Asks: 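After the structure tokens below, expect a handful of questions from me.
Side-chain atoms are counted along with the backbone in the values below, which use heavy atoms only and exclude waters and symmetry mates. Remember, it's a predicted structure, so these values are computed and weren't measured experimentally. Residue numbers run from 1 in the order of the sequence given.
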Amino acid sequence: MDDVILLDFWVSVFGQRVRIALAEKGVHYENREENPQNKTPLLLEMNPVHKKIPVLIHQGKPVCESNIIVQYIDEVWHDDKSPSLLPSDPYLRAQARFWADFVDKKVYEAGKKIWMTEGEEDRQVAKKELIEVLKVLEGQLGEKPYLVGESFGLADIALIPFSVWFHAFGKMTMNMNIERECPKLAAWVNRCMEREAVSKSLPHPHKIYEFDQKKKKGHE
């Protein structure tokens, strides 16, 4: 069961999801850092369709796509010693999958617009779009401790890696402030970061911003 390899890239929010899930379950694994500009033969062999990280290789077999990997981890390492990442109730399980998918389709796309947009006016439009998406998630959170009920799980794992980008997005847009715009979501971020599996799996926000700046200057 311990023959586990993760093909990853430290700045990837999708790779970070898998690291959090493995840490939550207490799974020992070998992390192999990939260079997106110089993909290894192993990555191309293990993910011939999309040719991208993360890839979890378990006993020689690859599992691709971060949300699918997290669900796989939950099913394989399922015992009384580790927390479940998906609710036992079928409806709540469906809700968790819905919000994880929402993060991929809405949060990721809105954040990418901020990252890729150059003009200040266009960035402000992208910032407004991201805030609107985050407000939807804040509405889903409501007074609950986590996105789908009382337990930390799939939907939270899908979203929390984006929180380390909020600092960079704030710098890029000059005035984006998640604590001001979405206080309940900001409190949720702090709650998630109290979990060792989360805090030890995510890079510091300042490192993300430095990476962003180097990337734009063509140093990476």
Asks: Under the rule for side chain to side chain donor-acceptor pair (under 3.5 Å), what residues qualify as partners of Glu30, not counting sequence neighbours?
Replies: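 Side chain to side chain donor-acceptor pair (under 3.5 Å) list for Glu30, sorted by chain: Arg32.
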Asks: Please answer whether the main-chain N or O of Leu147 pairs with a side-chain N or O of Asp156 as donor and acceptor at a distance below 3.5 Å.
Replies: yes
Asks: Of all residues at least two apart in sequence or in a different chain, which pass the ring-ring contact (aromatic ring centres under 6.0 Å, His included) check with Phe14?
Replies: Tyr108
Asks: My understanding is that only residues two or more places apart in sequence, or in another chain, count here; which of them pass salt bridge (charged side-chain N to carboxylate O under 4.0 Å, His left out) with Glu109?
Replies: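 Glu109: salt bridge (charged side-chain N to carboxylate O under 4.0 Å, His left out) contacts with Lys112.
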Asks: Please check: side-chain N/O of Ser163 versus main-chain N/O of Ile160, any donor-acceptor pairing under 3.5 Å?
Replies: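 Present.
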Asks: Salt bridge (Lys or Arg N to Asp or Glu O under 4.0 Å): which pairs involve residues 86-103, sequence neighbours left out?
Replies: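 Only Asp101-Lys105 qualify under salt bridge (Lys or Arg N to Asp or Glu O under 4.0 Å).
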Asks: Please enumerate all residues that pass side chain to side chain donor-acceptor pair (under 3.5 Å) together with Asp104, with sequence neighbours excluded.
Replies: Arg17, Asn67
Asks: Looking at Ala23 and Ser201, what are the two nearest heavy atoms and their distance?
Replies: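 That would be CB-OG, 4.2 Å.
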Asks: Counting only heavy atoms not in Lys207, do more than 12 sit closer than 6.0 Å to its NZ atom?
Replies: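 Not buried by this count: 12 neighbours or fewer within 6.0 Å.
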Asks: What pairs with Trp99 under ring-ring contact (aromatic ring centres under 6.0 Å, His included), at least two apart in sequence or on another chain?
Replies: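 Expected list: Phe102.
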Asks: Can you hop from Leu130 to Val125 via hydrophobic side chains spaced under 4.5 Å?
Replies: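 No, Leu130 and Val125 fall in different hydrophobic clusters.
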Asks: Can you get from Leu44 to Val63 by hopping between Ile, Leu, Val, Met, Phe, Trp and Tyr side chains that sit under 4.5 Å apart?
Replies: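 Different clusters: Leu44 never reaches Val63 through Ile, Leu, Val, Met, Phe, Trp or Tyr contacts under 4.5 Å.
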Asks: With sequence neighbours excluded, tell me which residues meet side chain to side chain donor-acceptor pair (under 3.5 Å) with Ser151.
Replies: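 If we apply the side chain to side chain donor-acceptor pair (under 3.5 Å) test to Ser151, skipping adjacent residues, there are no hits.
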Asks: Under the side chain to side chain donor-acceptor pair (under 3.5 Å) rule, collect the residues that match up with Ser199, sequence neighbours excluded.
Replies: none
Asks: Between Tyr29 and His58, is there a side-chain donor-acceptor contact under 3.5 Å, judged purely by atom types and distance?
Replies: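 Distance-only check fails for His58 and Tyr29.
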Asks: Applying salt bridge (Lys or Arg N to Asp or Glu O under 4.0 Å), which residue pairs with at least one partner in residues 65-78 are found, sequence neighbours left out?
Replies: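 Residue pairs passing salt bridge (Lys or Arg N to Asp or Glu O under 4.0 Å), neighbours aside: Lys25-Asp74.
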Asks: Without hydrogens or angle criteria, can the side chains of Ser82 and Glu24 be said to hold a donor-acceptor pair below 3.5 Å?
Replies: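 Note: Ser82 and Glu24 side chains miss the donor-acceptor criterion.
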Asks: So, Trp10 versus Phe211, ring centres under 6.0 angstrom or not?
Replies: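 Yes, ring centres under 6.0 Å apart.
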Asks: Can you see which heavy atom on Val148 is nearest to which on Leu92, and at what distance?
Replies: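 What the structure gives for the nearest pair is CG1-O, 3.7 Å.
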Asks: Quick one: salt bridge (Lys or Arg N to Asp or Glu O under 4.0 Å) pairs with a partner in residues 131-154, sequence neighbours left out?
Replies: Glu143-Lys184
Asks: Check Ile69, Val18, Ile53 against Leu6 for a side chain to side chain contact (heavy atoms under 4.5 Å, CB included) and give me the one that passes.
Replies: Val18
Asks: Could I get the full list of side chain to side chain contact (heavy atoms under 4.5 Å, CB included) partners for Asp122, not counting sequence neighbours?
Replies: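 Once residues adjacent in sequence are excluded, the partners of Asp122 under the side chain to side chain contact (heavy atoms under 4.5 Å, CB included) criterion are Thr117.
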Asks: Tell me every residue that passes ring-ring contact (aromatic ring centres under 6.0 Å, His included) with His204, counting only those two or more places apart in sequence or in another chain.
Replies: His206
